[in-house]
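Accompanying notes for the structure given below.
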Amino acid sequence: MLRFCFRPNGTTMASVLSSCEGMIELMQSHALVLLHGFEHDTVVVNTLVTMYSRNGDVTSARFVFDHLREKDMASWNAMVSAYSNHGYGHHALQVFAHMLRSGTKPDEITFVGVLSACSHAGLVNKGQRVFNSMSHVYDIEPKAQHYSCLVDILGRAGLVDEATKVVRMMPASEKDAAVLGALLGAYRFHGDIRMASLIGEALQELEPGSAGGYVLLATIYAARGKWDEFARVRKKMKERKVNKVPGFSQIQVKGRSHVFYARDRFHPQAAEIWGLLQEKLLPHMWEMRHSKRRITFHIDC
């Protein structure tokens, strides 16, 4: 297109940005955005914020967001979601506060990001107030995603009874697998195994082909030493031909993408990687374990 002297428009640039699979491609495309003068095009910058976030560079996402002159709803949502997805709960709430001060009215997508941010930051009361404000202040009826986030907020804080009450009182039409999964996750850490079994069975019937409910319930049984129940769940997975998708991580080094699955030994540099872990990382982890530091891990809702 450029060789034939056609100048790209905003739609073209947004499409190019969305097709980027790594940071090198994204940075090159960002250079094109600057070269052709689209650094203040709202749609283009919104796409930049989203793509930088997907590639783990929240700092660059915030930089282009701050330099955008005319922010729309999608702009604010992209930045709130960027912080929320990467565990920066307080930063997401700060952006949300700036959004309200700018006079922009939040929508359903905004509240998913904000509630998730409250979960990451452990702000139970704040999360409950935000959830209640949806219908009382902004006339937005909460959907399944919002209920799921609220249940996760309460569950992480150990308020299992309140989380259960939310699920019981919510509209039946919004009670999907994500909501039950969040409640089951709460019972995994804080609740009794009888209720976990009931929720797990309901989740399996709701989505019989999804491995999530089976695996989580089996993990609960294993943690409590109930190996007969554990075997029963695994047998049911086998009978229903439900396969668990292995977890993986992906990084890009010098323009090349590397994917690692759980307990992966097939990477060409596996021996070198595992050796480095044994020599460098594990001793450091043991040292941290025996130190007086307190380490907190956050999981996305």
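Fair warning: this is a prediction, and the values are worked out from it, not measured in the lab. For the numbers below, each heavy atom of this structure counts, side chains included, while hydrogens, waters and symmetry mates do not.
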Using the rule that two of Ile, Leu, Val, Met, Phe, Trp, Tyr join whenever any of their side-chain heavy atoms come within less than 4.5 Å, decide whether V124 and Y187 are in one cluster. yes
Y147-F131 aromatic ring centre distance below 6.0 Å: yes
Is it the case that the side chain of S84 and the backbone of V80 share a donor-acceptor pair, with hydrogens and angles ignored and the cut-off at 3.5 Å? no
Please confirm whether the backbone N or O of D57 pairs with a side-chain atom of S60, one donor and one acceptor, at under 3.5 Å? no
same_hphob_cluster(V43, M73) at 4.5 Å side-chain heavy-atom cutoff: no
Pairing residues for E201 by the salt bridge (charged side-chain N to carboxylate O under 4.0 Å, His left out) criterion, not counting sequence neighbours: R232, K236
Are L48 and I109 in one and the same hydrophobic cluster, where Ile, Leu, Val, Met, Phe, Trp and Tyr link if side-chain heavy atoms are under 4.5 Å apart? no
Checking side chain to side chain contact (heavy atoms under 4.5 Å, CB included) against V45, which of L68, T50, V33 comes through? L68
Any side-chain to backbone donor/acceptor pair from D176 onto V179? Under 3.5 Å, distance only. yes
Side chain of S15, backbone of T11: donor and acceptor closer than 3.5 Å? yes
Give the C-alpha distance, both sets of side-chain angles, the deciding distance and a yes or no for side chain to side chain donor-acceptor pair (under 3.5 Å) between D41 and N9. CA-CA 10 Å; D41 184 293; N9 57 20; over 6 Å; no
Is a side-chain donor or acceptor of T164 paired with a backbone partner of V160 at a separation under 3.5 angstrom? yes
Would you please say whether a donor-acceptor pair under 3.5 Å links the side chains of S119 and D152? yes
Tell me whether V16 is reachable from L34 by hopping between hydrophobic residues (I, L, V, M, F, W, Y) whose side-chain heavy atoms are closer than 4.5 Å. no
Residues which pass ring pair (Phe, Tyr, Trp, His ring centres under 6.0 Å) with F38, listed by chain and number, not counting sequence neighbours: none
Heavy-atom donor-acceptor pair, E25 side chain to E21 backbone, under 3.5 Å: yes
What about the rings of Y138 and F111, do their centers lie closer together than 6.0 Å? yes
Under a 3.5 Å cutoff, is there a donor and acceptor pairing between the side chains of Y83 and H120? no
Check the pair W76 / F96 against ring pair (Phe, Tyr, Trp, His ring centres under 6.0 Å), numbers first and verdict last. CA-CA 8 Å; W76 293 104; F96 179 59; 9.6 Å; no
State whether the side chain of H40 and the backbone N or O of H67 hold a donor-acceptor pair below 3.5 Å, judged by distance alone. yes
Pairing of E205 and R240 as salt bridge, 4.0 angstrom limit: yes
Donor-acceptor check, side chain of S148 to backbone of A144, threshold 3.5 angstrom: yes or no? no
